[in-house]
Participant: 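So that we are looking at the same thing, I have put the structure below in structure tokens.
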Protein chains: 2
Amino acid sequence: MDVTREPQGGKTDLQVRRPRVQKNVTAAIGLDICSDRYAVGSVLPRESDLCEMYGVSRTVVRESLKILSTKGLVHSRPRVGTVVCEKTDWNLLDPQILEWMGPRIHDLDLFGCILETRRTVEPVAAAFAAERATVQEIADLDGAWRRMRDAGADIEAFTRADVQFHEILLKASHNQVFRQLSSIIHAALIYALHRSNEAVEDREEALLVHRELVEALRLRDPEAARAASNRTLDLAVRDLALNGA
Amino acid sequence: MDVTREPQGGKTDLQVRRPRVQKNVTAAIGLDICSDRYAVGSVLPRESDLCEMYGVSRTVVRESLKILSTKGLVHSRPRVGTVVCEKTDWNLLDPQILEWMGPRIHDLDLFGCILETRRTVEPVAAAFAAERATVQEIADLDGAWRRMRDAGADIEAFTRADVQFHEILLKASHNQVFRQLSSIIHAALIYALHRSNEAVEDREEALLVHRELVEALRLRDPEAARAASNRTLDLAVRDLALNGA
DNA sequence: TCGGGCTGAATAGTCATACTTATCGATCAA
DNA sequence: TTGATCGATAAGTATGACTATTCAGCCCGA
């Protein structure tokens, strides 16, 4: 009874298959919003147009918009369409949004806000970690430090290990809220560390302070951990100021 | 050509209309997950069954599951079904999840974690607010304080004003990350303040410290604001310990 | 002229069905 | 015992239709 449908007859050669496209469409639209290609307050193309633009069915577009809606990026209303919400409504703690913002993280002072958050949270997390970290977590932290040390001139590898170091530290604080914050900090570090890790002497200095932090955890010394964490942040701030934003 | 459809013939009287049910279905499933009615690791009923259970179409169920998926609550795979993720994967910073958890916020030490976060963040936020708050924000804070004062024996009103006070404070820190954290803190306060505000003398003491905080902001004195914020938290911790968890 | 209700149109929301793809598990062969 | 094949299952995608909401413009009465 469905021969009248002609399932894929008229489509192009790329359309005969139905790959999983949900994620791509969501990311594409989310990226377009976060990069200001759709301005705040403006209305997106209507659903049927988005279907055409991305070559997918309305099902996919709708589910994508629904996801973006829960992230506070857009808001849909009948007869009006789907409008881009104010940036103050965006769920900035959402890792995907930060990813989509990419370098635009410097808008809205967001980068500075995250740095302030790090200065506030990380030393406390380090102190907690000194009391609560498992032996395994300290070992993982040590592993990340070794990867930093062994990265040599490979700035990419050094940065990757650096990010991991701070993520493990937050996890080792055994505070679930801190742990979730690591995804935000991760996003910010990606765009910050790479630059501040460019100079060799900076990397060596960073190695030293990170080492102190690991040792403080080993000795279960919360105050030393807090101090060492503060020193790593001092370095980060100094490098950012030097290399200029 | 659609008379063969019998659109709403067999449904109940409530089903003849098509209200916006998306939110309800999402909340219902989310609630069932957060309240452990669907255990971690277990498989949800399949989509078609969920359609029957809630009397909605697959579109609605799918979009609901998609939303829950982005919150890290569930994970869908073909042939397997939709399984409930580990709680460590849940996006605990999501306001809705906290709402759905309700009193179960005490699981996973989440409540304690949030309290630790408050102790870490709020004093810093208060200090920032002393430097950055607009006159309007200080006035709003003062308004919230007045509502606390005038609540009298109405514990509900007192708690509501108390929550607003802390939300305005975080907003006045002009740090976007802190601001977003207010939704988490909000959820925790709802379930904590009500109890700790039961005694009259506690409320009066709280009024005093909150007043000090407002004055510190007026005087643009970061250190005084930090100290006052710490004292509000001391009170909260003491009351929680007294009234027992 | 002004204001309030009516009406039409546009768009998201919902529904129903069909078909595709991925994956698990079992069966069978080497 | 191991490996590949096949079938069944459930999510993923596509499509077309209908419904509810709401905006904008119109008309009518005051």
Side-chain angles (χ1 to χ4, degrees), chain A residues 1-29 42-70 73-85, chain B residues 1-12 14-26 28-29 42-70 73-85:
Chain A
M1 65 300 241
D2 51 355
V3 283
T4 66
R5 183 80 72 79
E6 188 209 24
Q8 317 111 345
K11 304 303 183 69
T12 78
D13 50 358
L14 278 181
Q15 290 299 79
V16 293
R17 308 188 72 243
R18 284 184 194 168
R20 299 299 198 263
V21 289
Q22 175 77 69
K23 239 171 203 152
N24 302 324
V25 173
T26 308
I29 302 178
S42 68
V43 44
L44 300 191
R46 60 169 183 276
E47 293 178 352
S48 59
D49 287 343
L50 288 172
C51 296
E52 273 190 47
M53 291 166 60
Y54 294 104
V56 296
S57 75
R58 197 170 161 221
T59 308
V60 174
V61 168
R62 278 191 55 78
E63 292 183 357
S64 292
L65 291 179
K66 191 67 75 174
I67 291 171
L68 297 179
S69 175
T70 65
L73 250 53
V74 299
H75 178 63
S76 296
R77 281 166 61 206
R79 166 70 190 169
V80 174
T82 303
V83 302
V84 179
C85 293
Chain B
M1 67 302 238
D2 51 354
V3 284
T4 66
R5 184 86 69 78
E6 189 209 24
Q8 319 106 345
K11 304 302 183 70
T12 77
L14 278 181
Q15 291 300 77
V16 293
R17 308 185 72 242
R18 282 188 197 165
R20 298 300 198 265
V21 289
Q22 175 77 70
K23 241 174 202 146
N24 301 324
V25 173
T26 308
I29 302 178
S42 68
V43 177
L44 266 57
R46 63 170 182 275
E47 293 178 352
S48 59
D49 289 342
L50 288 172
C51 296
E52 272 190 49
M53 291 166 59
Y54 295 103
V56 296
S57 74
R58 196 171 160 219
T59 307
V60 175
V61 168
R62 277 191 56 78
E63 291 183 358
S64 291
L65 292 178
K66 193 67 77 174
I67 291 171
L68 297 178
S69 175
T70 64
L73 251 52
V74 299
H75 177 64
S76 298
R77 279 167 63 206
R79 165 72 189 173
V80 174
T82 303
V83 302
V84 179
C85 293

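FYI, side chains are in, hydrogens and waters are out, and symmetry mates aren't considered; it's all heavy atoms of this structure. Residue numbers start from 1 in every chain, and the chains themselves are labelled A, B, ... in the order their sequence lines are given, proteins ahead of strands.
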Participant: Judged by each residue's nearest nucleotide on DNA chain C, which is more toward the 5′ side, B/Val60 or A/Val43?
Facilitator: A/Val43
Participant: List the residues meeting side-chain contact (heavy atoms from CB on, under 4.5 Å) with B/Val83, not counting sequence neighbours, and say none if there are none.
Facilitator: B/Val43, B/His75, B/Val80
Participant: Please give, in whole Å, the distance from C/dA12 P to A/Glu63 CD?
Facilitator: 16 Å
Participant: Quick one, A/Val74 and A/Ile29 - any side-chain contact, counting heavy atoms below 4.5 Å?
Facilitator: no
Participant: Mind checking what makes side-chain contact (heavy atoms from CB on, under 4.5 Å) contact with A/Ser48, not counting sequence neighbours?
Facilitator: A/Arg46
Participant: B/Thr82: what forms a side chain to side chain donor-acceptor pair (under 3.5 Å) with it, not counting sequence neighbours?
Facilitator: B/Ser76
Participant: Grab the NE2-C1' distance between B/His75 and C/dA22 for me, whole Å please.
Facilitator: 12 Å
Participant: Ignoring backbone atoms, establish whether A/Ser57 has a side-chain N or O less than 4.0 Å from OP1 or OP2 of D/dA14.
Facilitator: yes
Participant: Using whole Å, what does the distance between atom P of nucleotide C/dA16 and atom CD of B/Glu52 come to?
Facilitator: 11 Å
Participant: Distances under 3.5 Å between protein N/O atoms and the N/O atoms of nucleotides 7-11 of chain D, please, pair by pair.
Facilitator:
residue : atom : partner : partner atom : Å
D/dT9   : O4'  : B/Arg79 : NH1          : 2.7
D/dA11  : OP2  : B/Glu47 : N            : 3.4

Participant: Got a sec, which residues hit salt bridge (charged side-chain N to carboxylate O under 4.0 Å, His left out) with B/Arg79, two or more places apart in sequence or on another chain?
Facilitator: none
Participant: Of all residues at least two apart in sequence or in a different chain, which pass the side chain to side chain donor-acceptor pair (under 3.5 Å) check with B/Glu47?
Facilitator: B/Arg58, B/Arg62
Participant: Checking B/Thr59 now: which residues fulfil side-chain contact (heavy atoms from CB on, under 4.5 Å) with it, not counting sequence neighbours?
Facilitator: B/Ser57, B/Glu63
Participant: Checking B/Pro78 now: which residues fulfil side-chain contact (heavy atoms from CB on, under 4.5 Å) with it, not counting sequence neighbours?
Facilitator: A/Arg20
Participant: For nucleotides 4-6 of chain D, print each protein N/O atom paired with a nucleotide N/O atom at under 3.5 Å, atom names and distance only.
Facilitator:
none

